[in-house]
Amino acid sequence: MKYDDVMKLALERGFYFPSCEVYSDAQAGFWEYGPAGVGLKNKFIELWRRELIRRDKMIEVDGSQIMSKSVFEASGHLASFADPIVRCTKCKSTYRADKIIVDATKTVIPESAGLDEFDKVITEKNVKCPKCNGDFGSTKKFNMMFQVGIGPEGEEAYLRPETCQSIFVDFPRLFKTMRGKLPLGIAQIGKSFRNEIAPRQSLLRLREFYQAEIEVFCNPARLNDLDKFSEIENTKIPIQVDNEVKIMTCKEAVDSKIIPNKFVAYYLGILIEFYEKAGIDIQKSRFRKLEEKEKAFYAEVAFDFEVETTTGWLELVACNYRADYDLSGHATKSKEKFEVMDNDEKVLPHVFELSMGIDRSLYTILEHSLREDKENDRTVLSLKPYLSPIHVGVLSLVKKDGLAEKTDEIYLKIKRKYDVFLDHSGAIGRRYRRLDEVGAPYAITIDHQTLQDDTVTLRMRDSMEQNRIKVSELDEILSKKTAFP
RNA sequence: GCGGUCAUAGUAUAGCCUGGUUAGUAUUCGGGGUUUCCAACCCUGUGACGCGGGUUCGAAUCCCGCUGACCGCACCA
């Protein structure tokens, strides 16, 4: 199924839709989750907690979205999270200053150079607009962070462009008060904000978006000293080497030095196990090792976890070895101590991060789960039962003869424990189809036989098969079928 | 941000060129009937011209601006 089909489903079934859509000044890059979307997102996050946080004994925090200017001076975002741009005075086209200079003169100016250096080269080498041969105005910086003004004086602060900065600045307190030991994973789910030049494709490039970030603090001298590596050493991961994807076990990847150490391999291993359980088709996924110039300004080694969708390959998780970039930056700027003890050794921990885009992940789950069942003339969203916004539909076959009342009675019994959708009206087939489209894995139907022997039919979404079960066993059966793995 | 295409009910569309209709159709949705398990059928109801300005006696329709969407370019920590 294609992007357009997912989009249509999202609009019609309440997964997501544009923010502020009744107003004409609504800006691009902002989307709301509807009821079905919230259900899916909450369950996805619960799976993330189970498969990554609890599995690895990580701890979780929830930081502010607005952070002070110093944080981003120390993190490098004020200087580096910005592009030098020039604009043609004639045709108004905008270009990256460093790119246009390289193209025209082969002169490489680092992105971080002063703006006057770009202007100087443009003037000296007489660089003109490639489209219309017009002159460029002076070079400007476009920073992708949203600035906010705090209090009546409008003190300078920023909406965070990534959630992890609060983890870094909170690290000294957390390590002390939570009795931390390296390696220690600290995680956070929350919103981040980036003033994208061209947001596009709904959930795939947003200006306000959810991240689930994990920062694992470690002793750089002990990256192969990891007992739990045995848990995933035989887990297969697809890894792209020299433009070719090879499937190998984590152990093979480490032995062949494609992945630098057991520590990194462990987290790539548990990450792919998580995504498989989330219902992403991992046959269509890869870890792509980034080349030098593709990496973020803070990353030493980086693997992107990417999946294939109908819009092309899509980056879901950036796995960056950030070394001590962040902690030393904050230590210098804040004059606080960020070193900790690891056994008898005092170390400034290094950081390996798994920076996950939740919105993109949810989109991919939808696209990989949506299918057209032509034989039965229906659209089915085959979500994992534990991720479905609705666990079970409760339907009366017909409204009369006391069936509606009996149906209500059963609904009341299970509605607190499960996400249940009660429906009395319309043809039964239509009601089943509707549930198929929001991904409800099960439906129970109350019919005349129910009144006689207290049994109901249980319908399976994917096969459309039905079993007769006792109402007294309903809770036990649903509990098993909708449980997290 | 640039260029191209486009914008009508929840969704998909007709009408626009050649200005005047009760803005049509399909599907969805609500109510009722029928039907004893897979989008059937019958009755009935709700629901739309993105926003702002201009031309005109009159604008969904023509013109301008804005906003958004899609595609390509550039960008993507």
- Query: If you look only at pairs with a residue in residues 420-432 of chain A, which of them pass as a side-chain hydrogen bond (donor to acceptor under 3.5 Å, both in side chains), with sequence neighbours excluded?
  - Reply: A:Ser396-A:His424, A:Asp408-A:His424, A:Asp423-A:Arg434, A:Tyr432-A:Thr445, A:Tyr432-A:Gln466
Is there a Watson-Crick or G-U wobble partner for [N] with both distances under 3.5 Å, and which nucleotide is it?
| N | result |
| --- | --- |
| B:G52 | B:C64 |
| B:A12 | B:U25 |
| B:A69 | B:U5 |

Which part of the nucleic acid, if any, lies within reach of [X] when heavy atoms closer than 4.0 Å are counted: base, sugar-phosphate only, or nothing?
| X | answer |
| --- | --- |
| A:Met464 | base |
| A:Arg200 | base |
| A:Glu353 | nothing |
| A:Glu437 | base |
| A:Tyr3 | sugar-phosphate |
| A:Glu315 | nothing |
| A:Tyr325 | nothing |
| A:Ser355 | nothing |
| A:Ala26 | sugar-phosphate |

- Flag the pair A:Asp401 and A:Lys406 as a salt bridge only when some basic side-chain nitrogen lies within less than 4.0 angstrom of an acidic carboxylate oxygen. no
Please measure how far the [atom1] atom in [N] lies from the corresponding atom in [M], and state the result in whole Å.
| N | M | atom1 | result |
| --- | --- | --- | --- |
| B:U46 | B:G31 | C1' | 10 Å |
| B:G52 | B:A9 | P | 16 Å |
| B:C70 | B:C29 | C1' | 28 Å |
| B:G58 | B:G20 | C1' | 7 Å |

- Task: Would you tell me if any nitrogen or oxygen in the side chain of A:Gln201 comes within less than 4.0 Å of OP1 or OP2 on B:C70?
- Result: no
- Side-chain donor-acceptor pair present, A:Glu306, A:Ser285, cut-off under 3.5 Å: no
- Item | Passing candidate, side chain to side chain donor-acceptor pair (under 3.5 Å) with A:Asp359, options A:Tyr33, A:Trp31, A:Tyr16, A:Tyr210 | A:Tyr33
